[in-house]
Structure formats: C-alpha cells, structure tokens
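Just below is one structure, and these are the notes that go with it.
Throughout, protein chains are lettered first and strands after them, A, B, ... in sequence-line order, and every chain is numbered starting at 1.
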Amino acid sequence: MKPRFFLVALALSGALVPFSAARATGLATCDSGSKEGWQSQEKLTAMLKDKGWQVRRIKEDGGCYEVYALNEKGERVEAYFHPRTLAPVPTGSKDHKG
Amino acid sequence: MSGQVRVWDPLLRIAHWTLVASILAAWIATEIKLDAAKRAHEWAGYAALAVIALRLAWGWTGPRYARFAQFVRPVSATLAYARALIAHTEPRYLGHNPLGGWAVVALLALSAAAGLTGWLSVTDRFWGVEWVQELHEALGNALYFLVGLHLAGVVFTSWRHRENLVLAMLTGRKPAARPGDID
C-alpha cells in the first residue's frame, strides 16, 4: 500500500511531461502540401541575404519556413515564409496559401 | 497537538511562490501562440532569475532554515536517508530533509540555467543559434520533470509524517519537533 502511494505521487510528476513536450512554436501555419513542391532553404537564405539580412537559422514550423535572422537594420527578427512561394507569411496566419 | 514553530521565514516563502508563479507563467506562455506571449515568457524568465539571485544570497545570509549549510547534506547522509525511506524508517526533518534539500539545489540550478540560456537566446550574439535554443528547451523540459518530482516528494513526505507541507510553505509554520525528529 505504501509503495503504491509513492507510485501515485511519481505519476504526478510524469503527468507534467507530455504538456511540456516540444511542439511547433506555431506563430503561423502554411498550407504548403508535400515537400516535392517546396523551394530550398538555400534559395530563401540567398534571397534574404540579398535584402541585407544575416540568416541564423531556418526551421520548418507549421508547414512554413521559420527564419531567425538579423534584418538589414541589424534587428533580431523571427519571420515566416511560405515554402512554395517564399513569400512572407504574417504571424498569426492560419493555413497561409502563399 | 503540541505547538507550532516558525520554520520558513517570509522572504523565503515569497521567493518560493514568486518562483512558482514565474515558472508557471513561462510554461503557460509557451502554449499561447501569440507574439505577446513570447514577451511574457521572456519577462517570466527575468523574474525567475531575479528571484533565484535573491534566494542564493538568502541561502548564505538568511535565517537558519533558509541557509544551504543547514539543509545541503553530504551524499552519504542523503543515501542513508534514501535507504531509510525505502525501509519506512526515515526521520522527520523540521527543515528540508536531505532529498528535499538536493531538490532545492537542483531546482534552483536548473531554473537558473533555463533562465540564462533563454536570456542568451534573445541577445544579438546568440539569436537563432541552434544549440542555445535546443539547450534552453531541454533545460525547460528537465525543469518541468523536476518540478513534478518535487511535488511528488512534497505529497509523499506530507503523507508519511502527517503534516501539510504545502500549507507550511504558505504560513511558514510546522508542528514542533517531536521525539526522534531532526531539528
């Protein structure tokens, strides 16, 4: 009976973990279909470099490309782009068509 | 019941519950998909760091039960306590028991590490740097796990010694030491 109580208490700690598991940060989602039609991250990087951005990291998030960069003014930006069109996706967009 | 004694001083309790609120706020903010929530998450992290700094200073200068020297015990003593726990013969501690003491240290260290890597991740130098972001996330997840373990320990110890440790952290008061307790 005593060990069982301890197991119940331990389950309390286990119960917290799924809530905290990593997920899409999800500031926007894109309706981008299969990856066949996606443009490459290299192309996006080159495009942003031309604008004067310093690209630090590109992740896939919610079907969009999520870019961490310093923009042409040296400001930190986290921006979303549509993988098919490479058009900017405003944050807060749901299933952005590009 | 014999009398109650003051164990946790007011500053320690305020620090404890402010840290709880900051960690809870930071956690909730990660679940809200808004720009404003990101800022809230950052401010929760700064608040946590400030409280941790205060708690560390208090651990050297504060009253008896707030001091690390009072409750951080050698590994050998901690293992002996763990063995007694398994045998259901562990004594009641008026302050932190040896495992609880290490939980305090681990919780402070992990939340400080999570706070500092979070801070780094929004500096120009480390913005968008993958290892900083991944490390911050891993530390955050480890912290949530440890919080769960801490809660389990609090519930278990409360049950074992028939005292409400959550209430004690609110009021600062605990039943006075009984024969066999460790003061």
Side-chain angles (χ1 to χ4, degrees), chain A residues 1-30 41 44-45 48 53-80 89-96, chain B residues 23-24 26-39 41-42 82 85-90 99 103 107 114 120-134 136-160 165:
Chain A
M1 167 194 152
K2 282 166 187 172
R4 201 201 303 157
F5 184 90
F6 187 68
L7 285 179
V8 169
L10 207 62
L12 250 178
S13 71
L16 286 172
V17 173
F19 282 103
S20 62
R23 296 191 208 161
T25 45
L27 286 179
T29 58
C30 297
Q41 296 189 5
L44 178 60
T45 304
L48 294 173
W53 286 28
Q54 188 191 333
V55 176
R56 289 278 174 80
R57 186 181 185 188
I58 301 181
K59 284 199 299 191
E60 288 168 23
D61 184 20
C64 312
Y65 282 146
E66 179 190 11
V67 178
Y68 290 87
L70 298 180
N71 69 12
E72 68 278 7
K73 292 179 209 146
E75 298 161 339
R76 295 185 298 274
V77 288
E78 180 185 354
Y80 287 78
V89 175
T91 55
S93 301
K94 292 269 170 276
D95 296 325
H96 200 267
Chain B
I23 291 171
L24 204 59
W27 178 16
I28 292 168
T30 59
E31 301 296 319
I32 302 173
K33 316 299 182 196
L34 291 171
D35 274 329
K38 292 208 159 194
R39 277 190 297 280
H41 181 88
E42 288 170 31
L85 196 73
I86 291 163
H88 301 294
T89 57
E90 83 282 11
L99 285 174
L107 283 162
L120 270 190
S121 76
V122 293
T123 59
D124 285 355
R125 173 68 185 79
F126 291 100
W127 175 252
V129 173
E130 185 169 347
W131 70 263
V132 176
Q133 295 182 337
E134 298 300 325
H136 178 63
E137 205 171 305
L139 287 167
N141 287 335
L143 179 59
Y144 296 141
F145 179 75
L146 202 62
V147 165
L149 214 56
H150 169 55
L151 289 177
V154 167
V155 170
F156 179 76
T157 310
S158 295
W159 171 75
R160 280 286 292 151
L165 291 178

From [X] atom [atom1] to [Y] atom [atom2], the distance as rounded to the nearest 0.5 Å:
X	Y	atom1	atom2	value
L70(A)	R125(B)	CG	CZ	11.0 Å
R57(A)	E134(B)	CZ	CD	4.5 Å
T91(A)	K38(B)	OG1	NZ	9.5 Å

Check: Among L34(B), V122(B), I86(B), V129(B), who wins on heavy-atom pairs under 4.5 Å with chain A?
Finding: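 Among the listed options, the one with the most contacts to chain A is V122(B).
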
Next item on the list: Answer whether the closest heavy-atom distance between the side chains of D124(B) and R76(A) falls below 4.5 Å.
Entry: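 Sidechains of R76(A) and D124(B): in contact.
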
Next item on the list: May I ask you to test the W127(B)-E78(A) pair for a side-chain heavy-atom distance under 4.5 Å?
Entry: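 Result yes, sub-4.5 Å side-chain heavy-atom pair found.
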
Next item on the list: Using non-hydrogen atoms and a 4.5 Å limit, figure out which bit of L143(B) sits close to chain A: side chain, backbone, both or neither.
Entry: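 Contact with chain A is absent: no heavy atom of L143(B) under 4.5 Å.
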
